[in-house]
Amino acid sequence: MIGQRRPALTPAQEREAYRIATERDPACVRCGGYGVTRDHRQNRQRGNTRPSNLQGLCGSGTTGCHGWKTGNPEAARNTGFAVPRFADPTEWPGLRLQDGHPIWVLYDDAGGWVEITPAEAKQRIEG
């Protein structure tokens, strides 16, 4: 079944989403490094430049953790650094470093996250 099209966001809404994600993720969520770029967890498409779909990764599309995500799509999906097209980014778990330790989270569009258990993350990813 095909869902409704997401409404297009205004440039101001997209800028605000990038600002929120940059504030939330000042360092790479995968390795803790700096030189962060704002990456879409789910490939960029109409209406999905939202904080829940953005993450800070070091490097670019070919280097650092951003390059790792690009070059390893299945591993990135299984660790929440990538979100499949069919999924809602607010419901797809992400792995991030918190105080030097990886935790599973669900991101929200207000710029926060809720920690979830590894078992819940696995269930959400595997269906």
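Predicted, not measured: the structure shown is a model, and the values here were computed from it.
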Show the nearest heavy-atom pair for residues K69 and A76, with the distance to one decimal.
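Looking at all heavy atoms of both residues, the closest pair is CG-CB, 3.8 Å.
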Heavy-atom closest pair, residues W104 and P93
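Shortest heavy-atom contact: CE3-CB, 3.7 Å.
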Under the side chain to side chain donor-acceptor pair (under 3.5 Å) rule, collect the residues that match up with [X], sequence neighbours excluded.
X: E16; answer: R19
X: T70; answer: none
X: R15; answer: none

Looking at [atom1] of [X] and [atom2] of [Y], how far apart are the two atoms once the value is rounded to the nearest 0.5 Å?
X: N72; Y: N78; atom1: CG; atom2: CG; result: 11.0 Å
X: H66; Y: D39; atom1: NE2; atom2: CG; result: 4.0 Å
X: R38; Y: Q55; atom1: CZ; atom2: CD; result: 13.0 Å
X: N48; Y: N53; atom1: CG; atom2: CG; result: 4.5 Å
X: T49; Y: Q42; atom1: OG1; atom2: CD; result: 10.5 Å

Who passes side chain to side chain contact (heavy atoms under 4.5 Å, CB included) against F86, sequence neighbours left out?
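Here the qualifying residues are P84, W92.
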Can you name the residues that form a side chain to side chain contact (heavy atoms under 4.5 Å, CB included) with E126, not counting sequence neighbours?
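Once residues adjacent in sequence are excluded, the partners of E126 under the side chain to side chain contact (heavy atoms under 4.5 Å, CB included) criterion are K122.
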Option passing side chain to side chain contact (heavy atoms under 4.5 Å, CB included) with W113 (candidates L106, V29, I103)
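Among L106, V29, I103, the one that satisfies the side chain to side chain contact (heavy atoms under 4.5 Å, CB included) with W113 is I103.
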When you measure from the centre of the six-membered ring of W68, is the NZ or CZ of R30 under 6.0 Å away and within 45° of the axis?
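Satisfied, under 6.0 Å and within 45°.
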Quick one: does any side-chain atom of [X] pair with a main-chain N or O of [Y] as donor and acceptor, under 3.5 Å?
X: E23; Y: I20; result: no
X: T90; Y: S52; result: no
X: R50; Y: A17; result: no

Considering only heavy atoms from C-beta outward, does the side chain of H40 approach that of L54 to under 4.5 Å?
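They are in side-chain contact.
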Pair listing, salt bridge (Lys or Arg N to Asp or Glu O under 4.0 Å) test, anchored in residues 93-115, at least two apart
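Matches after skipping sequence neighbours: D25-R96.
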